[in-house]
Amino acid sequence: MSACVPARTTDANHTERTHPPHSPPPSGPRRPRIASADVSAAAAVFLIALPLSLGIALATGAPLQAGLVAAAVGGLVAGRIGGSPLQVSGPAAGLTVVTADLIQQYGWRTTCAITVLAGLAQLGLGCLRVARGALAVSPAIVHGMLAGIGVTIAVAQLHIVLGGTPQSSVPDNLRALPSQLADLHPAALFVSLLTLTLLLLWPRLPGRAGLLLHKIPAALVAVAGATAIAAAAGLVLPKVDLPSWRNHALAGLPEGPVLGLVAAVLTTTLVCSVQSLLGAVAVDKLASARPGGARVARSDLDRELLGQGAANIVSGSLGGLPVAGVAVRSSANVHAGAVSRNSTMLHGVLVVAAALLMVPLLEFIPLASLAALVMAVGIQMVSLHHIRTVTRHREVLVYAVTTLGVVSFGVLEGVALGIAVAVGVALHRLTRTRITHELEEGVHHVHVRGQLTFLAVPRLSRALHLVPQGSHAVVALDGSFMDHAAYETLQDWQSTHTAQGGTVEITGRRSGVRIAEPSALASAHLTDVDAGADGASEAHCRCRPWTAWRNHQCERPSLLPAGDRRPDPADATGGGSGADGANGGSGANGGSGVDGTRGTAASKTAAHRTGAGGKDAAAGAGGADPTRAPKPDRDGAGAHAGAGAGAGSGGSQLVRGISTFQRYTAPLVRGELARLAREGQRPAQLFLTCADSRVVTSMITSSGPGDLFVVRNVGNLVPPPGAESGDDSVAAAIEYAVEVLAVRSITVCGHSGCGAMQALLDSGPGGGAGTPLRRWLRHGQPSLERLGAGSAVPPRLTGRTPADAVERLCLTNVVQQLEHLRAHDCVTRALKDGALELHGLYFHVGEAQTYLLTERDEETVFDRVRAVDLAM
């Protein structure tokens with residue numbers, strides 16, 4: 001007996017407890033339960049996988065059984081071991097070109113051996129836990145690789161669609177295409193076109209019947225329909241040939257040059273791993289975006305790599321195609337409601353059953369139908385969405401080179417070219433730094449656009465030496481990186497310049513990084529310009545996002561030494577922090593101790609950097625001398641100092657706000673706005689709300705440019721069609737949004753404390769219509785009548801009753817205006833077609849809380865929108 005295993009002695013007094021005390025003994029072994037959602041999802045995935053597996057095997061030139069073997073192994077092995085519960089693995093279109101090249105060069109048995117070796121390599125990578133490193137490959141390279149593979153697949157399968165035989169490469173296929181078009185096979189072309197037609201039209205069936213039929217996969221319908229019609233018409237076509245499983249070829253010892261085999265294994269490993277890992281990440285996003293339902297654990301990428309490696313070892317050993325995560329089947333699995341890996345494994349069981357029991361039926365399928373199906377899949381791999389994405393991120397060169405490289409030379413060569421171009425583009429961007437020097441009203445501006453590395457130090461030094469001694473300079477760093485050489489250069493120049501009597505202000509986009517302060521003469525920070533709104537842009541700025549002009553409370557340290565400061569007469573009469581948004585405390589007669597008429601240019605620049613407005617001098621200066629005339633700042637607007645200047649004119653605040661936007665916000669949004677200018681507006685929603693200044697639509701909806709088509713009016717009113725208003729602006733906006741912009745939803749948003757609703761209550765039913773405002777408010781009379789009718793249950797808020805009559809009318813008005821909205825012809829048609837949704841919102845200003853209109857048990861309720869409801 002081993003010394004590691006202690007001998008067990010029988011103790012007569014010892015009773016072995018086989019179940020917890022005070023509980024009945026177990027009735028027997030527990031049977032694993034499979035959720036009904038997993039069963040239905042497995043059936044849906046199986047119906048998609050069956051024709052695609054045969055089609056991909058046909059496209060590679062492998063035995064058709066190899067596609068079924070890979071599908072079964074991918075479902076059973078990768079589904080059980082893999083780290084992504086909902087990802088479905090099997091023969092992937094992205095591996096078609098790689099596998100076809102291997103079969104042509106080395107034969108089928110050696111290709112199976114290469115698949116086994118690639119699986120072993122994946123196991124090694126999984127054990128080394130490098131799965132996250134595979135995600136470092138640029139998405140432009142991955143999308144370009146898939147697009148190149150898609151083009152290769154489509155061009156090759158086009159020959160089979162036309163009734164011919166594909167060549168070995170894309171250039172050869174293109175050269176042979178004219179002769180193939182001259183020698184068409186009518187029956188094959190007819191079956192292929194029929195397959196493509198069913199594939200395209202099936203998801204677009206209208207009506208309720210279409211919603212029910214959409215549950216049947218389009219790929220299955222296309223292949224089955226084309227097969228049935230071909231059989232009924234008696235067409236003579238090459239069909240699926242599944243030899244007996246007894247003659248199925250298994251893996252053999254690899255034969256061929258060592259370097260070629262190593263390259264083949266690396267290529268297969270790379271494509272399988274990257275496609276599977278990216279697919280797992282995409283499946284996580286799809287699963288998390290599902291409304292409601294069971295939550296699925298996030299993917300373990302290292303375990304997923306181990307599962308894919310094990311699946312490739314088994315598939316290659318059994319004579320199957322290489323296995324990888326498949327986007328089409330995985331997305332179908334998620335959308336079908338799968339909640340665990342049981343759906344993936346059950347789909348594998350169904351594939352095994354089909355491979356053993358459905359061989360006679362599968363042999364009726366024409367090869368032209370499978371070729372058309374795979375050609376459609378190849379075309380879909382060239383995604384317009386991916387092209388737009390890489391264009392927006394300025395990666396289109398990498399995408400194009402990778403695609404052309406895969407098409408012209410092969411997958412490994414194309415990916416290598418893409419990586420080389422991506423590295424070159426990154427180096428170019430790193431070294432492309434633009435440094436300019438400008439003089440604006442006595443202030444020297446040095447603007448650095450791009451990454452500041454040692455390569456840009458000579459240009460930076462030349463620009464800095466253009467700043468004269470004793471002057472004020474502003475250095476704007478518009479980049480995300482600065483290396484040590486550039487830091488030392490900038491710091492040394494700052495120390496020298498301030499020692500010679502000059503002042504330096506450094507602004508930038510990096511938060512939390514500072515240039516050392518060599519003297520008390522300057523405070524120079526590398527900060528995030530976006531943080532200027534929330535108090536991070538300056539050490540003394542306490543402003544929060546969406547701060548109103550009059551509420552800015554940004555105090556800035558004076559740039560003058562203590563000995564040069566002159567007492568401000570305003571200090572004796574009140575003081576405080578009476579800085580308005582113009583000069584931020586240095587050029588206003590507040591409590592900063594600096595003469596408002598001698599505010600330095602640096603303080604004015606700081607004021608422009610931190611916000612559009614500020615704390616009004618009238619509120620902060622107390623009894624400041626009203627006779628002191630403000631000195632104009634750099635924007636030509638007066639520095640509103642003292643009580644006599646008041647809170648500052650709206651024009652000055654507007655100019656300062658625009659100036660801040662142009663200098664700091666515009667560079668950040670210019671690219672997105674340029675794209676919108678090129679492509680035109682495509683908003684998703686028409687948002688109709690009140691003109692009240694407290695309702696900031698972009699803030700309460702977290703929307704940006706191009707998201708909302710906004711209509712604002714007094715009382716968020718929607719005049720019904722035919723109303724005698726003399727103003728069709730609201731109806732015109734509705735028609736334009738629905739008919740031209742094709743918005744998908746319309747929202748009517750009311751708010752608390754609405755002055756229009758108060759005016760309606762004050763005027764009462766049938767109020768006068770003498771002024772333009774009263775004539776407009778006549779469109780709110782139906783809301784007032786609805787509130788007073790008492791025939792229906794009035795709308796209410798979740799958890800509480802409306803505070804007063806004004807709030808009750810505000811809620812009722814939202815419901816009434818939605819009824820007016822439904823009466824418009826364009827809205828009626830869109831609602832009938834299912835192309836439009838209507839929503840009601842109520843925004844409580846004091847609570848900063850939004851309520852969404854819902855129907856509950858014949859009751860109209862405004863439910864509180866909580867943060868947890870938005871966490872997808």
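Start at 1 with the first residue, then count along the sequence.
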Inset, instruction - Inspect the contact between Glu739 and Arg829 and indicate whether a charged nitrogen and a carboxylate oxygen are less than 4.0 angstrom apart. - result: yes
What distance do [X] atom [atom1] and [Y] atom [atom2] have between them, rounded to the nearest 0.5 Å?
X	Y	atom1	atom2	result
Thr111	Ile103	OG1	CD1	5.0 Å
Gln275	Leu270	CD	CG	10.5 Å
Met375	Gln157	CE	CD	8.5 Å
Leu95	Thr268	CG	OG1	7.5 Å
Asp183	Ser179	CG	OG	8.0 Å
Leu397	Thr402	CG	OG1	9.0 Å

Do you know the tightest heavy-atom contact between [X] and [Y]?
X	Y	value
Ala156	Pro166	O-CB, 3.3 Å
Val116	Ser317	CG2-N, 3.5 Å
Leu346	Val39	CD2-CA, 3.9 Å
Ala41	Ala338	CB-CB, 3.7 Å
Leu68	Ser53	N-CB, 4.4 Å
Ala226	Ser369	CB-OG, 3.8 Å

Determine whether the side chains of [X] and [Y] contain a donor N or O and an acceptor N or O closer than 3.5 Å.
X	Y	answer
Ser343	Asn333	yes
Ser273	Gln122	yes
Ser745	Gln685	yes
Thr96	Thr60	no

Report yes or no: does [X] contribute a side-chain atom to a donor-acceptor pair with the main-chain N or O of [Y] at less than 3.5 Å?
X	Y	value
His143	Ala140	no
Trp202	Thr197	no
Arg329	Ala49	no
Arg303	Ser84	no
Ser315	Val73	no

Any [X] side-chain heavy atom under 4.5 Å of [Y] side chain:
X	Y	result
Leu417	Phe409	yes
Val142	Val274	yes
Leu373	Leu52	yes
Val398	Val390	no
Gln87	Ser299	no
Pro322	Thr99	yes
Leu177	Leu158	yes
Ile149	Met381	yes

Legend entry - Val97/Val406 under side-chain contact (heavy atoms from CB on, under 4.5 Å): CA gap, chis, key distance, verdict: CA-CA 9 Å; Val97 176; Val406 171; 5.6 Å; no
Inset, instruction - Decide yes or no on side-chain contact (heavy atoms from CB on, under 4.5 Å) for Thr267 and Val415, but give the supporting numbers first. - result: CA-CA 10 Å; Thr267 303; Val415 170; over 6 Å; no
Inset, instruction - Test Ser276 against Glu304 for side-chain hydrogen bond (donor to acceptor under 3.5 Å, both in side chains), laying out the working first. - result: CA-CA 8 Å; Ser276 300; Glu304 179 64 17; 5.3 Å; no
Inset, instruction - Using a cut-off of 6.0 Å, state whether more than 12 heavy atoms not belonging to Arg80 lie near its atom CZ. - result: no
Legend entry - Arg744 atom CZ, neighbour heavy-atom count above 12 within 6.0 Å: no
Inset, instruction - Apply the test side-chain contact (heavy atoms from CB on, under 4.5 Å) to residues Ile365 and Leu370: give CA-CA distance (whole Å), side-chain angles for both, the deciding distance (0.1 Å), then the verdict. - result: CA-CA 8 Å; Ile365 301 176; Leu370 293 179; 3.8 Å; yes
Inset, instruction - Give the intermediate values and the outcome of side-chain hydrogen bond (donor to acceptor under 3.5 Å, both in side chains) for residues Thr115 and Asn312. - result: CA-CA 6 Å; Thr115 302; Asn312 274 313; 5.7 Å; no
Legend entry - Derivation and outcome, side-chain contact (heavy atoms from CB on, under 4.5 Å), residues Val323 and Val77: CA-CA 10 Å; Val323 172; Val77 179; over 6 Å; no
